[in-house]
Number of protein chains: 2
Amino acid sequence: MSQALQPATETTDPRILRSRRMLMDSLATLLKTREFEDISVHEITDEAKLNRATFYLHYPDKSALLLAMTEVRFRELIERRGISFTDCDRALDAIVLGVCDYLIEVTGCPVKGALIPLEGSIIPVVEGMFREGLSRHGAAGGVDSELLATTVAWAIFGGARRWFQTPNRVAAEEMAGKIAAMVKPVFLNGNQ
Amino acid sequence: MSQALQPATETTDPRILRSRRMLMDSLATLLKTREFEDISVHEITDEAKLNRATFYLHYPDKSALLLAMTEVRFRELIERRGISFTDCDRALDAIVLGVCDYLIEVTGCPVKGALIPLEGSIIPVVEGMFREGLSRHGAAGGVDSELLATTVAWAIFGGARRWFQTPNRVAAEEMAGKIAAMVKPVFLNGNQ
DNA sequence: ATGCGAAATAGACAAATGTCGATTCTAGAA
DNA sequence: TTCTAGAATCGACATTTGTCTATTTCGCAT
């Protein structure tokens, strides 16, 4: 019934942690060979050396695993770079670049035609970062800062996604700069 | 293999047209009772009085049908309102309102928790409209107008989607105004 | 009206999905 | 160390999915 609430469950049980880590690692490995749609739950648990039933103990379906995996890995990538909001412009640039880089990181080198449903996992994370940034600085006058965060997050993901799907794309840094510049006025204008 | 190219096939054969229309209508009907994930291809063809194999003659899977259906219906809704680009501001407002209204139209009254993967069908249509508008007017100086169209389309959809998922939401017109105002500066800024 | 090509149907198939009950194993507390 | 809750395994199940090979039906041009 798509009640994907398990992954949010806080737990310290090493067995649970291990199983979930194994499943995520397994999916990450398989994603470098096949496309998401062509990977079965059986293959994932096989690679992870787990029973297939164990999979369903943690995730309602493979999309939920992808979502959980992406969230963890994208967060890691972002935190590895330690984005701070002391300089908002810099933070924006870093976040956009992070999205671009992650798209490459997660789906190996070959340009796949498939449009993996990553928006469900990346966008909320980006959104959260903007919410945090907005609550600290420029908490926008008349504008709903929640809506602002959502809108900008989608805009960035959409732009990055287009770039990623482009056959012979320019460098991630270049594209990130363009997207950031394009999106910036939304923040500025919001304050008056 | 997700080679969903059939729907793009131009045809005049009444049998093909009829089958596709039946399938779309059937899905639209079922969507008012169940969530997308809980509807099987068998149920769709059953409701449409067609053989299950016929389904696969037209669409590779049910997501492709949803995509095709959404594209057709969303385009209809937009064209029913006859958006023109004589006044860009007005066009932007109308497009945003169209997205908000369509989200309601497609998924009945009850607020479903499910996030139907509509972005794949609505966003490209919105994107196309902006591309058209940009090619006529303000074809942006230094900015890539393709990227601009994509980015804005995602921003709008993301905003509308957030609004749609909000428990007790404000009127579509009000939200559409807020989103349009938020997004507008992206266009203006692009020209210098 | 007749025949051709293509669309629709029918039935079958292997594989994948999501769920279940029963059993075994294990982390952490007593 | 022993005990226990619950995590993992196992085998099985009904459904669903996507694909096939006939076979039948139908639109349309001749």
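Chain letters run A, B, ... following the sequence lines, proteins first and then strands; every chain starts at 1. The model shown is predicted, which means the values in this text are computed figures rather than measured ones.
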With sequence neighbours left out, what residues match A/D46 under side chain to side chain donor-acceptor pair (under 3.5 Å)?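 For A/D46, no residue satisfies side chain to side chain donor-acceptor pair (under 3.5 Å) once neighbours in sequence are set aside.
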Could I get the full list of side chain to side chain donor-acceptor pair (under 3.5 Å) partners for B/D13, not counting sequence neighbours?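 Result, side chain to side chain donor-acceptor pair (under 3.5 Å) vs B/D13: B/R15.
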Can you check the [X] [atom1] to [N] [atom2] distance for me, whole Å?
X     : N      : atom1 : atom2 : value
A/D38 : C/dA15 : CG    : P     : 16 Å
A/N51 : D/dA12 : CG    : P     : 13 Å
A/F55 : D/dG11 : CZ    : P     : 21 Å
B/K49 : C/dT9  : NZ    : P     : 12 Å
B/M22 : C/dA7  : CE    : C1'   : 15 Å
B/L17 : C/dA8  : CG    : C1'   : 15 Å
B/L57 : C/dA8  : CG    : P     : 6 Å
B/R20 : C/dA8  : CZ    : P     : 9 Å

So, is B/S19 close to the C/dA8 phosphate, meaning a side-chain N or O under 4.0 Å from OP1 or OP2?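 Yes, B/S19 has a side-chain N/O under 4.0 Å of OP1/OP2 on C/dA8.
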Ignoring backbone atoms, establish whether A/H58 has a side-chain N or O less than 4.0 Å from OP1 or OP2 of D/dA8.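 So the side-chain polar atoms of A/H58 do come within 4.0 Å of the phosphate oxygens OP1 or OP2 of D/dA8, strictly under.
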What residue pairs, at least two apart or across chains, pass salt bridge (Lys or Arg N to Asp or Glu O under 4.0 Å) with a residue in residues 147-156 of chain A?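 Checked against salt bridge (Lys or Arg N to Asp or Glu O under 4.0 Å) - neighbours excluded - no pair reaches residues 147-156 of chain A.
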If the condition is side chain to side chain contact (heavy atoms under 4.5 Å, CB included), which residues does [X] pass it with, not counting sequence neighbours?
X      : answer
A/R18  : A/R21, A/M22, A/L50
B/A155 : A/T151, A/A155, B/V183
A/T150 : A/E127, A/W154, B/R162
B/S40  : B/H42, B/E43

Ignoring hydrogens, what is the shortest heavy-atom contact between A/I44 and A/S26? Give both atom names and the distance.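 Closest pair (atom of A/I44, atom of A/S26, distance): O-OG, 2.7 Å.
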Give me the atom names and distance for the closest heavy-atom approach of A/W163 to A/V170.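 Residues A/W163 and A/V170, closest heavy atoms: NE1-O, 3.0 Å.
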Please list, for nucleotides 25-30 of chain C, all pairs of protein and nucleotide N/O atoms separated by less than 3.5 Å.
| unit_1 | atom_1 | unit_2 | atom_2 | d |
| --- | --- | --- | --- | --- |
| C/dT26 | O2 | A/R15 | NH1 | 3.3 |

Could you write out each protein N or O paired with an N or O of nucleotides 13-17 of chain D at a distance under 3.5 Å?
| unit_1 | atom_1 | unit_2 | atom_2 | d |
| --- | --- | --- | --- | --- |
| D/dT17 | OP2 | B/V41 | N | 3.0 |

